[in-house]
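The block underneath contains the structure these notes are about, expressed in structure tokens.
The basis for the numbers below is simple: all heavy atoms, side chains too, and nothing from hydrogens, waters or symmetry mates. Note that ligands are numbered from 1 as they come in the structure, with each ligand's atoms numbered from 1 the same way.
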Amino acid sequence: MLVHNDFPEDLETPVEYFDSWLTPVDRFFVRQHLPRPKVDAATYRLKVHGLVNSPLELSLDDLKKFAQVKVPATLECAGNGRGNFKPKIPGLQWTKGAIGNAEWRGVRVADLLKKAGVKPEAKFGTANGMDVGAGKTPDFIRSVPLRKLLHESTIIALEMNGQPLPELHGFPARLIVPGWDGASWVKWVNDLQLAPESDKGFYFATAYKYPNFSVGPGGAAKPEEMEVLEGMAVVSFFSKPLDQAKVKIGAVPVMGVAFGGEHRITRVEVSADGGAKWVDAKLGAENFQFAWRTFTHEFKASKKGYYTLCCRATDSAGRVQPIEAEWNPSGYLWNAVDRIGITVEG
Ligand code: MTE
């Protein structure tokens with residue numbers, strides 16, 4: 001893993017590990033603002049309260065008694081690719097690897113809310129995890145609008161790729177908000193409060209926001225011009241060959257992954273001449289609304305030389321990756337076509 005911080009851990013997945021549809025747990029990127037809590041499974045409780053008729057306090061065993069559903073979904077940090085923006089933007093300099101795909105299993109938030117009975121005035125659910133504010137860093141708290149919380153794929157996950165959630169990824173329970181930025185996927189979640197308004201704390205009211213107009217490189221926006229991030233942009237990344245690889249004349253296997261946030265991937269194209277001509281890559285069989293799709297291609301290298309390979313994805317909403325990602329003050333949603341250089345040796 002590429003280590004951005006070792007405490008609390010911020011770990012990036014090297015792109016060569018994007019070679020399988022499910023990202024193995026020990027290769028899955030990690031992002032946390034605060035030291036991770038040690039949670040005792042025996043005393044853990046999830047509280048559902050606020051604007052509900054019957055507040056709930058659920059142990060892990062109670063959560064396991066609800067119907068358990070599997071949701072394959074890609075988790076991407078809003079700041080993935082920040083390190084590629086010019087001019088440079090402060091914050092973690094993620095390159096391309098703050099993204100991974102897993103099969104999450106757990107309880108539908110809608111089932112919990114049905115049991116609690118949501119009052120009509122409730123518009124948001126505010127989720128808090130068991131990590132707490134430290135020094136100047138505030139507590140990590142996020143609100144999710146009720147319309148998304150009630151979606152059948154929004155779950156409190158207890159498992160990741162068939163194992164109990166690892167501590168780094170939120171043991172024993174985390175919120176899964178498919179298609180939305182990773183910040184909404186609150187780890188170690190033990191509190192869900194229903195309210196008419198969203199949280200006023202730093203991580204919802206200030207951070208993870210995007211200007212509602214194009215500010216241009218180095219530009220700024222006023223707080224009232226910033227909107228909460230929700231669905232992720234359309235992206236794709238090569239996993240093979242590696243940037244600056246040397247290959248032999250002949251068939252060069254090319255592969256990668258593409259993700260469209262709340263939209264399915266419908267097409268991935270590959271160019272071997274820096275984006276002048278494009279050909280369709282072959283899409284992988286796994287095709288789920290909120291999960292990335294793998295792609296493969298064979299580049300027929302008939303002549304020695306240096307080649308710039310690009311990939312660009314299209315999703316079911318008709319969004320196509322741009323050549324340049326739109327610069328924004330916090331460096332979110334980087335999604336330029338991926339671009340690598342390879343040398344074909346004679
Ligand atoms: N949940 C808590 N409680 N604390 C955090 O700092 N970080 C969020 C989210 N959930 C965070 C959190 C962010 S910004 C991201 S991108 C994802 O967790 C990363 O999830 P992962 O570490 O499982 O990859």
[X] side chain to [Y] side chain, donor-acceptor N/O pair below 3.5 angstrom:
X      : Y      : value
Thr294 : Glu286 : no
Asp10  : Asn5   : yes
His4   : Glu12  : yes

*Which bit of Met130 gets closer than 4.0 Å to ligand 1, counting heavy atoms only: side chain, backbone, both or neither?*
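Neither part.
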*Classify the contact between Leu75 and ligand 1 as side chain, backbone, both or neither, using a heavy-atom distance cut-off of under 4.0 Å.*
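Just the side chain.
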Salt bridge flag under 4.0 Å for residues [X] and [Y]:
X      : Y      : result
Asp131 : Arg36  : no
Glu345 : Lys304 : no
Arg267 : Asp280 : yes

*asked:* Below 3.5 Å, N or O to N or O, backbone or side chain included: is there any such pair between Phe29 and ligand 1?
replied: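 Yes, at least one N or O pair falls under 3.5 Å.
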*Could an N or O of ligand 1 be found under 3.5 Å from any N or O of Trp188, whether backbone or side chain?*
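Between Trp188 and ligand 1 (N or O atoms, distance only) the closest approach is not under 3.5 Å.
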Got the closest protein heavy atom to [atom], with its distance?
atom                    : result
atom 17 (C) of ligand 1 : Gly182 O, 3.5 Å
atom 20 (O) of ligand 1 : Arg174 NH2, 3.1 Å
atom 12 (C) of ligand 1 : Phe140 CE2, 3.5 Å
atom 7 (N) of ligand 1  : Arg31 O, 3.5 Å
atom 2 (C) of ligand 1  : Asp131 OD2, 3.3 Å
atom 22 (O) of ligand 1 : Lys187 NZ, 2.5 Å
atom 6 (O) of ligand 1  : His33 N, 2.9 Å

[X]: numbered ligand 1 atoms lying under 4.0 Å from its heavy atoms:
X      : result
Val30  : 22 (O), 24 (O)
Tyr208 : 14 (S)
Cys77  : 16 (S)
Gln32  : 6 (O)
Trp185 : 9 (C), 10 (N), 18 (O)

*Using the ring of Tyr17 (Phe, Tyr or Trp, six-membered ring only), decide whether Arg27 places NZ or CZ under 6.0 Å from its centre and within 45 degrees of its axis.*
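Pair Arg27/Tyr17 counts as cation-pi.
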*Check whether NZ of the Lys or CZ of the Arg Arg82 lies under 6.0 Å from the centre of the six-membered ring of Trp334 and within 45 degrees of that ring's axis.*
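Verdict for Trp334: no cation-pi partner in Arg82.
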_If you apply the rule salt bridge (charged side-chain N to carboxylate O under 4.0 Å, His left out), what do you find for Glu262 with Lys148, and how did you get there?_
CA-CA 11 Å; Glu262 292 192 292; Lys148 184 67 178 176; 2.7 Å; yes
*Nearest atoms (heavy-atom pairs only) where Ala41 meets Leu60*: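 For Ala41 and Leu60, the tightest heavy-atom pair comes out as CB-CD1, 3.8 Å.
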_ligand 1 contacted by Arg36 (non-hydrogen, < 4.0 Å)_ =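 Under 4.0 Å: no for Arg36.
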*Would you please indicate yes or no on a ring centroid separation below 6.0 angstrom for Tyr307 and Phe299?*
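That pair passes the under 6.0 Å test.
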